[in-house]
Enquirer: 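Handing you this structure, nothing more for now.
Since the structure is predicted, the reported quantities are computational estimates derived from the model, not experimental observations.
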Amino acid sequence: MIENRPLATWFSHAILILGVAVVAFPIWITFVGASHDAIRMTQVPLPLLPGDQFFINLKAAFVDGVGNAKEQSVGIMMFNSLIMAMMIAVGKIIISLLSAFAIVYFRFPLRMVFFWMIFVTLMLPVEVRILPTFEVVANLGMLNNYWGLTVPLIASATATFMFRQVFLTVPDELLEAARIDGAGPMRFFKDILLPVSRTNIAALFVILFIYGWNQYLWPLLITTDKSMYTIVMGIKQMLEAAEEAPEWHLIMMTTLLAMIPPVLVVIGMQKLFIKGLTETEK
Amino acid sequence: MLKRTHFKASPLPYLLVAPQIFITVAFFIWPASQAVYQSMLLEDPFGLKSEFVWFENYQLLFSDEIYFSTFLRTIVFSSLVAFLSLTVALLLAATADHVVRGTRTYRTLLIWPYAVAPVVAGTIWMFIFDPTLGIVSYMLHGIGYEWNHRLNGNQAMALIVLAATWKQISYNFLFFLAGMQAIPKSLIEAAAIDGAGPVRRFWTIIFPLISPTTFFLMVMNIVYAFFDTFGIVHAVTKGGPAKATEILVYKVYNDGFIGLDLGGSAAQSVILMLIVITLTVIQFRYIERRVEY
């Protein structure tokens, strides 16, 4: 506190509370929508307070399934999303750690060529190369499986740069000491580099998990088999299937379930999340 | 760039970079070069014949009024999203930095929309503004304003701007707050002793000092609005009504996958790539410059 100005402080709190309310309003509406039955969700005006159908809708989503013919279980979609998010996050971290290690600790021909090749991926988001990438994946027979969902998204310039930055701050003396003690490159990588970059790995994991969970366009193109749908794209399919009379109570329940895991990750691991965000600048 | 001491040359580094390079070539560089090649082909709709036409697809695009208006619309859309989300986030960050108690609580309550997928955000806002059922459209009706984003192009645009802005506020807020908290307190205290009030201190000290963050965020917000908002548009409006919300990324997808105009879609992809490259270069030059601060 620099000076005592109660009016300014009250004013600040008022703005912040208003901001929090505006940010939270859509989620409140989602929760309310998920806690009423189908009939109530067709009567204008829609409720602003939660009803008593929340657990019935939850059971409907998981057990009976959602979508046009009630064939789509939210449980399976969430499981697919979880596998996809984990494979993307872990895969990106592993290949970025390895290539950053090679680029920082070895001198070999083509080093800079590889460095620039990785750099280029920064400039090619999925959205700008969808058609040809789709063709490659189709030719490799990776449609409708977890490999097709994740591998094309795994290359990561940002993660490689971040680990390169981390490795550059590791004192050279550690490498010299390790060599005097007779440790080979992989031993040095495993026993020294991995432990010193532990928090960076964790922070990156948080960001990449959210990135993977929220993928939309890519799963939409790659999966046609309902058993491979992820929850984020499943919502869109529900909206489409029920263009005439959407079952808003189930759609809102699915929406709520789709955002709970990444939101919990952000709130629960806030420190790592902020570290990851500001370090990768993603 | 390189360590002073390093390991001897051996096959090992090639093995280490192999997975990354393989994925980069197979799923980034090869498809991108295919897009460039395809953008110079004219294919019949059945994909039976194709003819190499050099830059004809580009000429068609640049003389196409629809493409031009899509371009313009994308610029309007991203400027609106960037301006609104930056302004709101700056206001919230400045007030959160000002209050001494509760900064962390407010931060927790404001950052989580970052974790919500764009298509999920779009679905929720669409529900809130549903023309027949939505709560806000009902309230608007109550005060005599008719809301129907399925028929009214401007309202549809307003809706996707709102959904995209809502999601981006938390990201901007975090970076602004981090920037403000890095400013030495002594600077603020000195100004306070000289009699500058909170508003004056904000405009003369805090705002100039966080200008690198603001610039970085501007670039990031434009990238976000250009590419990451596909899910919002696809879920909420599908580019309609009458193309009123069709932005560049959506048009690439729509012309390529739905319209099957492969050459035209590829040419659009290449133009988008050029835009990303420009933005990336701007961002990197800024990062290099920022090292001096």
Enquirer: Pick one of side chain, backbone, both or neither for B:Tyr138, based on which atoms fall under 4.5 Å of a heavy atom in chain A.
Expert: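 Side chain only.
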Enquirer: So which residue, B:His234, B:Gln38, B:Gln268, B:Met273, ends up with the most heavy-atom pairs under 4.5 Å with chain A?
Expert: B:His234
Enquirer: Under 3.5 Å, is there a donor on one side chain and an acceptor on the other for A:Gln270 and B:Arg107?
Expert: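 Present: a donor and an acceptor within the cut-off.
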Enquirer: As a quick check of understanding, evaluate side-chain contact (heavy atoms from CB on, under 4.5 Å) for B:Phe28 and A:Thr133, giving each step before the final call.
Expert: CA-CA 7 Å; B:Phe28 287 79; A:Thr133 316; over 6 Å; no
Enquirer: Would you mind telling me which of A:Ala157, A:Pro152, A:Pro261, A:Ala258 has the largest number of heavy-atom pairs within less than 4.5 Å of chain B?
Expert: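 Greatest number of close heavy-atom pairs with chain B: A:Pro152.
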Enquirer: Only pairs of heavy atoms separated by less than 4.5 Å count here; which of B:Leu110, B:Leu133, B:Ile271 has the most with chain A?
Expert: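 Option with the greatest count: B:Leu133.
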Enquirer: Quick one: do A:Phe106 and B:Val17 satisfy side-chain contact (heavy atoms from CB on, under 4.5 Å)? Show the steps, please.
Expert: CA-CA 11 Å; A:Phe106 291 87; B:Val17 292; over 6 Å; no
Enquirer: Where does B:Tyr253 contact chain A at under 4.5 Å (heavy atoms): side chain, backbone, both or neither?
Expert: both
Enquirer: Can you see which heavy atom on B:Gln20 is nearest to which on A:Ser156, and at what distance?
Expert: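 For B:Gln20 and A:Ser156, the tightest heavy-atom pair comes out as OE1-N, 3.4 Å.
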Enquirer: Parallel, tilted or perpendicular: which one describes the rings of A:Trp248 and B:Phe127, with boundaries at 30° and 60°?
Expert: tilted
Enquirer: Could you tell me which portion of A:Glu135 (side chain, backbone, both or neither) has an atom closer than 4.5 angstrom to a non-hydrogen atom of chain B?
Expert: side chain
Enquirer: Which bit of A:Ile94 comes within less than 4.5 Å of chain B, counting heavy atoms only: side chain, backbone, both or neither?
Expert: neither
Enquirer: I need the minimum non-hydrogen distance between A:Leu16 and B:Leu92, along with the two atoms involved.
Expert: CD2-O, 3.6 Å
Enquirer: From A:Leu131 CG over to B:Ser265 OG, what is the distance, rounded to the nearest 0.5 angstrom?
Expert: 5.0 Å
Enquirer: For A:Leu140, which atoms come within 4.5 Å of any heavy atom of chain B: side chain, backbone, both, or neither?
Expert: side chain
Enquirer: Looking only at non-hydrogen atoms, find the nearest pair between A:Val136 and B:Ala26 and report the distance.
Expert: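 Closest approach of A:Val136 to B:Ala26, heavy atoms only: CG1-O, 3.6 Å.
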Enquirer: Within this structure, what is the CG-OH distance for the pair B:Leu16 and A:Tyr105, rounded to the nearest 0.5 Å?
Expert: 13.0 Å
Enquirer: Select, from A:Pro26, A:Ala24, A:Ser96, A:Ala8, the one with the greatest count of heavy-atom pairs under 4.5 Å involving chain B.
Expert: A:Pro26
Enquirer: Please look at A:Val265 and chain B and tell me whether the side chain, the backbone, both or neither of the residue comes under 4.5 angstrom of a heavy atom of that chain.
Expert: neither
Enquirer: Taking side chain as everything from C-beta outward and backbone as N, CA, C, O, which of these in B:Val136 sits under 4.5 Å from a heavy atom of chain A? Side chain, backbone, both or neither.
Expert: side chain
Enquirer: Among A:Ile210, A:Ile235, A:Val266, A:Ile29, which residue has the highest count of heavy-atom pairs closer than 4.5 Å to chain B?
Expert: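 Most heavy-atom pairs within the cutoff with chain B belong to A:Ile29.
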Enquirer: What heavy-atom pair brings B:Pro113 and A:Val23 nearest, and what distance separates the two atoms?
Expert: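 What the structure gives for the nearest pair is CG-CG1, 3.4 Å.
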Enquirer: Under a 4.5 Å cutoff for heavy-atom pairs, which residue among B:Ile111, B:Val252, B:Ile275, B:Val270 has the most contacts with chain A?
Expert: B:Ile111
Enquirer: Would you mind telling me which of A:Leu221, A:Leu110, A:Leu153 has the largest number of heavy-atom pairs within less than 4.5 Å of chain B?
Expert: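 Most heavy-atom pairs within the cutoff with chain B belong to A:Leu221.
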Enquirer: Tell me, do B:Phe27 and A:Val137 make a side-chain contact under 4.5 Å, heavy atoms counted?
Expert: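 Of all side-chain heavy-atom pairs linking A:Val137 with B:Phe27, at least one is under 4.5 Å.
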Enquirer: Heavy-atom distances under 4.5 Å only: say whether B:Val120 touches chain A with side chain, backbone, both or neither.
Expert: both
Enquirer: Chain B heavy atoms under 4.5 Å from A:Phe273: which part of the residue, side chain, backbone, both or neither?
Expert: side chain
Enquirer: At a 4.5 Å cut-off on heavy atoms, which part of A:Met233 comes close to chain B: side chain, backbone, both, or neither?
Expert: neither
Enquirer: Count the heavy-atom pairs under 4.5 Å between each of B:Leu279, B:Thr108, B:Leu272, B:Val249 and chain A, then report the option with the highest count.
Expert: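 That would be B:Thr108.
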Enquirer: What part of A:Phe188 is in contact with chain B, defined as an atom under 4.5 angstrom from a non-hydrogen atom: side chain, backbone, both or neither?
Expert: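 Side chain of A:Phe188 only, per the 4.5 Å heavy-atom cut-off to chain B.
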Enquirer: Could you tell me which of A:Val22, A:Leu97, A:Val263, A:Ile154 has the largest number of non-hydrogen atom pairs under 4.5 Å with chain B?
Expert: A:Val263
Enquirer: Chain A heavy atoms under 4.5 Å from B:Trp112: which part of the residue, side chain, backbone, both or neither?
Expert: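 For B:Trp112, the contact with chain A is made by backbone and side chain together.
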Enquirer: Pick from B:Ala32, B:Ala18, B:Pro31: which one has the most heavy-atom pairs with chain A under 4.5 Å?
Expert: B:Pro31
Enquirer: Given a strict heavy-atom distance threshold of 4.5 Å, which part of A:Ile15 is in contact with chain B: side chain, backbone, both, or neither?
Expert: both
Enquirer: Using a 4.5 Å cut-off on heavy atoms from C-beta on, say whether the side chain of B:Tyr14 contacts that of A:Pro109.
Expert: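 A:Pro109 vs B:Tyr14: side chains touch.
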Enquirer: Between A:Ile231 and chain B, with a heavy-atom cut-off of 4.5 Å, which part of the residue counts as in contact: side chain, backbone, both or neither?
Expert: neither
Enquirer: Quick one: what part of A:Thr30 sits under 4.5 Å from any heavy atom of chain B, side chain, backbone, both or neither?
Expert: side chain
Enquirer: Is the count of non-hydrogen atoms from other residues, nucleotides or ligands lying under 6.0 Å from A:Phe25 atom CZ greater than 12?
Expert: yes
Enquirer: Less than 4.5 Å to any heavy atom of chain A: does that hold for the side chain of B:Thr132, its backbone, both, or neither?
Expert: backbone
Enquirer: By ring pair (Phe, Tyr, Trp, His ring centres under 6.0 Å), which residues pair with A:Phe114, not counting sequence neighbours?
Expert: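 Counting only residues at least two positions away or on another chain, A:Phe114 forms no ring pair (Phe, Tyr, Trp, His ring centres under 6.0 Å).
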Enquirer: First locate atom CG of B:Leu174, then atom CD1 of A:Ile274, and finally report the distance between them rounded to the nearest 0.5 Å.
Expert: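 Between atom CG of B:Leu174 and atom CD1 of A:Ile274 there are 5.0 Å.
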Enquirer: Would you mind checking which part of B:Val223 comes under 4.5 Å of any heavy atom in chain A, side chain (CB onward), backbone (N, CA, C, O), both or neither?
Expert: neither
Enquirer: Quick one: pull up CD1 in B:Ile23 and CD1 in A:Ile118 and give me the separation to the nearest 0.5 Å.
Expert: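 Reported value, rounded in 0.5 Å steps: 11.0 Å.
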Enquirer: Tell me whether A:Phe11 at atom CZ has more than 12 heavy atoms from other residues, nucleotides or ligands lying less than 6.0 Å away.
Expert: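 No, the 6.0 Å shell around CZ holds no more than 12 heavy atoms from other groups.
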Enquirer: Taking B:Leu15, B:Leu12, B:Val99 one by one, which has the highest count of heavy-atom pairs under 4.5 Å against chain A?
Expert: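 Most pairs with chain A among the choices: B:Val99.
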Enquirer: Can you tell me how far apart NE2 (A:His13) and OG1 (B:Thr95) are? Round to the nearest 0.5 Å.
Expert: 9.5 Å
Enquirer: Within a strict 4.5 Å, meaning less than it, do heavy atoms of the A:Met117 and B:Ile21 side chains meet?
Expert: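 Contact flag for A:Met117/B:Ile21 side chains = yes.
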Enquirer: Just verifying a value: how many Å separate A:Met238 CE and B:Thr123 OG1, rounded to the nearest 0.5 Å?
Expert: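 Result: 10.0 Å between the selected atoms.
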Enquirer: Non-hydrogen atoms of chain A under 4.5 Å away: do they reach the side chain of B:Ile277, the backbone, both or neither?
Expert: both
Enquirer: Locate the shortest heavy-atom distance separating B:Gln34 from A:Pro132; write the atom from each residue and the value.
Expert: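 Distance-wise, the nearest heavy atoms are CB-CB, 3.8 Å.
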Enquirer: Got a sec, which residues hit side-chain hydrogen bond (donor to acceptor under 3.5 Å, both in side chains) with A:Asn214, two or more places apart in sequence or on another chain?
Expert: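 Not a single residue meets the side-chain hydrogen bond (donor to acceptor under 3.5 Å, both in side chains) criterion with A:Asn214.
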